Each structure stands twice: as C-alpha cells, then as structure tokens.
2 protein chains.
Amino acid sequence: MRQKLTQNQQKVMDYLKQQVKENGIAPSLRTAAAELDISHAAVAQTLKFLEDKAYIRREGRYSRTLHILEDTGDIDAGQRQKQIPIIGRITAGLPMYAQQEWGGSLILDAALYPGQNLFALRIQGSSMKDAGILDQDLAICEPRQYARDREIVVALIHHEEATVKRFFLLPDGIELRPENPDFTPQIYGFDEVLIQGKVIGIVRGGMEG
Amino acid sequence: MRQKLTQNQQKVMDYLKQQVKENGIAPSLRTAAAELDISHAAVAQTLKFLEDKAYIRREGRYSRTLHILEDTGDIDAGQRQKQIPIIGRITAGLPMYAQQEWGGSLILDAALYPGQNLFALRIQGSSMKDAGILDQDLAICEPRQYARDREIVVALIHHEEATVKRFFLLPDGIELRPENPDFTPQIYGFDEVLIQGKVIGIVRGGMEG
DNA sequence: AAACCATTTACATTTATATTGACATTTAAT
DNA sequence: ATTAAATGTCAATATAAATGTAAATGGTTT
C-alpha cells in the first residue's frame with residue numbers, strides 16, 4: 001500500500017501531472033517554483049518525498065525526465081509470504097514448537113525458500129561458525145530423512161540431542177563434522193543418528209548491539 | 001486467555017483494525033480522536049490499555065507503527081510481512097532512494113526486523129566471513145548516516161565503492177575492519193568514507209548444493 | 001476503592017516545508 | 001571550443017505543522 005500524500009505533496013503532484021500531460025515533459029524546478037510560488041529547492045525537496053513514496057520516478061542525475069507512476073503496487077507480496085514454525089527442541093523425532101519465540105513462527109520470502117513444510121531451528125552454540133552459522137541464528141530447514149555427502153543437516157543423536165553439522169557418509173558409519181576448529185568431528189554408527197532435515201538457509205536478526 | 005476488552009476498548013480496537021487494513025498504517029492519535037469524537041489523550045490512554053492487555057503492540061517512542069495482535073499474542077501474519085528493496089549497486093554517492101535499480105525485493109518478518117525504510121544489500125566477497133557474513137548473503141540494513149564504534153556498517157568509500165565492514169572510530173580517522181584474516185583493515189580520513197547504513201541482519205538462501 | 005474514561009494543557013520530537021546561496025552539469029548559442 | 005544561460009543538486013538553516021507523551025484533574029463504572 002502506498003503512503004498517502006500530504007496536502008502540499010498532492011498539490012505538486014497534481015501540477016506535475018497536468019504539466020506532463022500538456023507539455024510531455026516535466027517543468028524545470030525554477031519554472032515549477034515560480035508557478036507554485038515557492039523556491040526551487042522546495043520543489044526539489046517535495047520531489048524527493050514523492051519519489052520516496054513511489055509516486056514518481058526520476059532518471060539520471062541532471063536530467064529532467066520524470067515518470068508518473070501509476071498505482072500498480074507490487075501486490076504479489078501476499079503470494080510470496082510463507083509462515084513456518086520455529087522448532088525449539090527436537091526430541092525423539094517429534095519436533096516441539098518453541099513458544100518463547102514470536103508465536104513460534106517466522107515469516108519469510110517464499111521466492112527465496114522454495115519447498116514445503118519447512119521449519120526453522122534456533123542455533124545453539126558456535127560449532128558451525130566457519131560455515132557462517134552463528135549462535136542464535138535461525139536455520140531454515142527442509143524436512144528430510146536422508147542426507148547426501150557434505151550437506152549441512154539437522155541430526156538427532158541417540159534420539160536425544162538435535163544438532164546441526166556437516167554430513168559425511170563413511171563406509172561404516174556417519175561423520176558429523178562441525179565447522180569450527182575448536183570442535184572435533186564425531187563418528188557414529190548408522191543407528192545412532194537420525195537425519196531430520198537439511199539446512200537450506202539462515203536468518204539472522206537482532207544485530208542491534 | 002487474554003483479558004476481555006471493555007466496550008470502549010473494543011470500539012477503539014475495531015476502529016484500529018479497520019484503519020490498519022485500509023491504510024496499512026495506524027492513524028495518528030488526533031486523527032483517531034477526531035473520528036472517534038474523543039480527545040487525543042483519551043486515545044493514547046486506551047492504546048496503553050490495549051497494549052497492556054496484549055491486543056496491540058507499538059514500536060518506538062515516536063513512531064506510528066502499530067501491530068494488531070492475534071489471540072495467541074502473535075502479530076497478525078498479514079502485518080508481519082515487510083517488503084524491502086534489494087539494492088543492486090551503490091554508485092557515486094547517490095542517495096539511497098535514487099539507487100533503486102531493482103535488484104528485486106525481499107519479504108521478511110517485521111517482528112524480527114523492526115525499523116523503517118530498511119533495505120537489503122547483496123554481499124560480494126568473503127571479507128566478513130568471520131562475522132558470519134558470506135558471499136551472496138543478503139545483508140538487511142537500516143539507513144543511517146552515522147555509525148557507532150564496532151558496528152557493522154555499509155560504507156561508501158571515495159564515493160565509489162560500497163563495502164560492508166566493521167566500523168571503528170579513530171582519533172584522526174575511520175578504520176574499516178574486515179572480519180577475515182586474509183584481508184587487512186583500512187584506515188581512511190573522515191571525508192573519504194560515507195556511512196550509508198547499519199547491518200542489522202542476514203538472510204541466506206539457496207544452500208541447495 | 002479501583003479501574004476506566006475523558007479533558008485540558010504543556011512539552012518534546014519528528015516531519016514537512018521553505019529559504020538562500022553556492023556549486024556542478026547540461027544545453028544552447030556564439 | 002568557448003561561453004552564457006538554464007538547470008539540478010547540496011548544505012545550512014529556519015519555521016510551521018503534525019504527532020506522541022506526560023501530568024494534573026475529574027467523572028463514571030464496577
């Protein structure tokens with residue numbers, strides 16, 4: 001939804017529309033200023049507001065070309081919104097919703113994260129630091145019961161602890177490798193690890209401090 | 001269960017819902033006051049009650065942004081989506097609004113990223129790797145003309161090159177420090193660097209392969 | 001009595017508007 | 001090419017309007 005215009009902005013807007021319609025080109029700042037009986041810089045300032053509010057679009061630095069934007073507004077936004085749950089803990093295969101979050105859900109861009117039944121997991125610790133996954137990040141995950149070599153996955157170890165690691169398939173087991181030299185890779189038997197999903201993205205917020 | 005509203009509070013609540021739906025933004029106190037035919041302070045007071053009872057949520061001290069909350073205490077999903085532009089290039093000191101050479105737009109969670117006029121910047125290179133910011137990530141930025149010590153900022157160097165670095169204020173200049181040992185910090189004079197914004201979040205997608 | 005509703009008044013902050021003057025760029029004339 | 005005029009930009013500044021907040025006060029409802 002476009003922001004509404006103030007009275008003054010509407011006046012300038014109307015004037016612009018009329019001028020463009022009559023002459024095919026926008027008037028110069030000083031011409032407009034004279035007709036509107038204000039200073040040229042004031043006109044320039046109002047044009048800035050109009051551009052901010054997406055009513056007009058100007059091109060180039062010193063050109064007078066100016067487009068009047070119709071209200072075509074990107075309404076496709078509604079289709080692009082996707083709401084996924086934020087999982088707190090994963091225990092015994094049953095994901096538990098994290099209620100301490102914002103209602104336990106996260107809005108994200110469907111265009112960026114294709115797939116269905118995605119979920120988000122809040123990262124604890126910095127074991128995947130070198131993969132650009134930090135403590136408190138939200139990992140966007142796609143549910144999966146299997147994994148391919150070198151993928152970053154959400155794994156449940158011993159039906160208890162959920163962790164995010166890089167997955168390696170060994171001849172006789174599974175290696176879950178952190179991406180941080182302070183942590184050591186762990187090797188498990190096939191029956192010790194349950195793959196829960198694959199990490200397909202990261203969302204980090206709250207970098208206020 | 002939420003506390004029930006009084007008749008008056010319900011009236012104001014209904015009015016707010018309708019206004020937010022129509023205009024996408026809450027009316028000013030005095031506008032609301034005029035339409036409800038009470039004083040502006042009365043509206044403010046009722047808003048406080050509504051916020052206490054978790055029916056609405058307001059942001060900032062002097063901002064008009066207001067969210068309608070659902071029964072569960074969540075922000076209504078419709079209000080939680082926020083669409084921000086993805087800035088493609090930052091060129092020659094042009095102010096932000098002029099650079100909207102559509103790299104597209106991004107939907108994100110308004111609850112996670114408060115603030116107005118946010119924009120996104122696609123990261124090139126891995127100079128901020130150790131801060132968990134990787135190549136091709138989308139940096140969520142808040143427009144800012146200044147920066148505080150140690151903040152991660154978007155800076156324009158010599159009116160040409162836009163970079164994301166950690167900001168340090170020195171006695172006689174500015175240090176822009178990468179977070180990657182392969183890169184070296186750079187020191188600039190005050191007039192060589194233009195702060196364009198502050199990085200408040202990261203969105204990473206496409207970790208398919 | 002306590003919670004709620006409402007008013008008036010004063011105040012701080014933000015946003016919009018406007019001015020002036022200097023400057024850089026473009027355009028047109030020479 | 002040079003010059004002059006027109007034009008857009010920018011900075012500093014100022015003012016007005018809109019807006020949210022707070023305090024003091026009193027009425028109404030429960």
Side-chain angles (χ1 to χ4, degrees), chain A residues 3-16 19 23 25-53 55-67, chain B residues 2-16 19 23 25-53 55-67 91-99 115-117 142-146 156 159 190-191 194 196:
Chain A
Q3 248 179 304
K4 276 183 184 159
L5 296 182
T6 67
Q7 213 171 1
N8 175 68
Q9 288 163 357
Q10 188 64 56
K11 195 176 81 182
V12 175
M13 189 70 197
D14 289 342
Y15 171 75
L16 283 180
Q19 286 295 307
N23 310 329
I25 191 175
S28 77
L29 286 187
R30 284 170 177 81
T31 305
E35 300 213 21
L36 293 167
D37 200 24
I38 51 179
S39 77
H40 64 276
V43 177
Q45 220 172 163
T46 301
L47 290 190
K48 244 178 220 166
F49 284 121
L50 287 176
E51 193 168 16
D52 279 347
K53 293 187 179 177
Y55 278 74
I56 63 174
R57 176 70 159 279
R58 306 168 79 190
E59 278 175 17
R61 186 176 159 88
Y62 280 99
S63 89
R64 280 171 55 182
T65 56
L66 173 151
H67 302 286
Chain B
R2 269 195 301 196
Q3 234 181 315
K4 274 182 186 163
L5 295 182
T6 66
Q7 210 172 0
N8 175 67
Q9 288 164 354
Q10 188 62 56
K11 194 176 80 181
V12 175
M13 190 69 197
D14 289 343
Y15 171 75
L16 283 180
Q19 286 295 308
N23 307 328
I25 191 173
S28 76
L29 285 187
R30 282 167 178 81
T31 304
E35 300 214 21
L36 293 167
D37 200 26
I38 51 180
S39 76
H40 66 274
V43 178
Q45 224 173 158
T46 301
L47 289 190
K48 247 178 214 158
F49 286 128
L50 287 176
E51 194 166 15
D52 283 346
K53 293 187 179 177
Y55 277 76
I56 62 174
R57 193 166 101 80
R58 309 215 279 162
E59 269 177 30
R61 184 177 161 87
Y62 278 97
S63 91
R64 237 152 314 147
T65 56
L66 172 151
H67 301 289
T91 46
L94 291 181
M96 278 302 173
Y97 64 82
Q99 307 150 10
Q116 293 176 344
N117 300 320
E142 173 187 295
R144 275 269 209 88
Q145 279 72 49
Y146 59 94
L156 199 61
H159 293 250
F190 290 114
D191 52 353
L194 264 179
Q196 298 278 2

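Each chain gets a letter, A, B and so on, in the order the sequences are listed, and its residues count up from 1. When reading the values below, keep in mind they use all heavy atoms of this one structure, side chains included, and skip hydrogens, waters and symmetry mates. Just so it is clear, the structure is predicted and the values come from calculations on it, not from any experiment.
- Taking the side chain to side chain contact (heavy atoms under 4.5 Å, CB included) definition, one finds that A/Ile38 meets it with A/Leu36, A/Ala42, A/Val43, sequence neighbours left out.
- Summarising the geometry, atom CD belonging to B/Gln9 is positioned 11.0 Å from atom CD belonging to B/Gln7; distances are rounded to the nearest 0.5 Å.
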Pairing string of DNA chain D (Watson-Crick or G-U wobble, both atom distances under 3.5 Å; | = paired to other strand) is ||||||||||||||||||||||||||||||
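- Taking B/Glu35 as the reference, nothing meets the side chain to side chain donor-acceptor pair (under 3.5 Å) condition, with sequence neighbours excluded.
- Using a 4.0 Å cut-off, no side-chain N or O of B/Arg30 falls inside it from OP1 or OP2 of D/dT21.
- Smallest separation of non-hydrogen atoms from A/Lys4 and A/Lys53: O-NZ, 2.9 Å.
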Which pairs, protein N/O on one side and nucleotides 27-30 of chain D N/O on the other, fall under 3.5 Å?
none

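- Look at CG on A/Asp52: it is 12 Å from C1' on C/dT15, rounded to the nearest Å.
- Per the geometry, CD1 belonging to B/Ile56 stands 13 Å off C1' belonging to D/dG20, to the nearest Å.
- Note: CD1 (B/Ile25) to P (D/dT19) measures 10 Å, nearest angstrom.
- For A/Gln10 and C/dT17, the CD to C1' distance is 16 Å, given to the nearest whole Å.
- Atom NZ in B/Lys48 sits roughly 10 Å away from atom C1' in D/dG20 (whole-Å rounding).
- Side chain of B/Tyr55 to backbone of B/Gln3: a donor-acceptor contact under 3.5 angstrom is found.
- Nearest heavy-atom pair across B/Pro27 and B/Gln19 is CD-CB, 3.8 Å.
- Residues passing the side chain to side chain donor-acceptor pair (under 3.5 Å) test with B/Lys48, sequence neighbours excluded: none.
- Taking atom NZ of residue A/Lys4 and atom P of nucleotide C/dT15, one finds them 19 Å apart after rounding to whole Å.
- The two residues B/Leu5 and B/Gln10 make their nearest non-hydrogen contact at CD1-OE1, 3.5 Å.
- Residues passing the side chain to side chain contact (heavy atoms under 4.5 Å, CB included) test with B/Arg58 are B/Leu47, B/Glu51, B/Ile56, B/Leu66, sequence neighbours excluded.
- Between A/Leu29 atom CG and C/dT19 atom P the separation is 13 Å, expressed in whole Å.
- For the pair A/Leu16 CG and D/dG8 P, the computed distance is 11 Å after rounding to whole Å.
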Pairs: protein N or O with nucleotides 4-7 of chain C N or O, under 3.5 Å:
residue	atom	partner	partner atom	Å
C/dC5	OP1	B/Thr6	OG1	2.4
C/dC5	OP2	B/Gln9	NE2	3.1
C/dA6	OP2	B/Asn8	OD1	3.1
C/dA6	OP2	B/Asn8	ND2	3.4
C/dA6	N7	B/Gln45	NE2	2.8
C/dA6	N6	B/Gln45	OE1	3.3
C/dT7	OP2	B/Ser39	N	2.2
C/dT7	OP2	B/Ser39	OG	3.0

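- In this structure, A/Gln45 has no side chain to side chain contact (heavy atoms under 4.5 Å, CB included) partners at least two apart in sequence or on a different chain.
- Legend: residues meeting side chain to side chain donor-acceptor pair (under 3.5 Å) with A/Ser39, ordered by chain and number and at least two apart, are absent.
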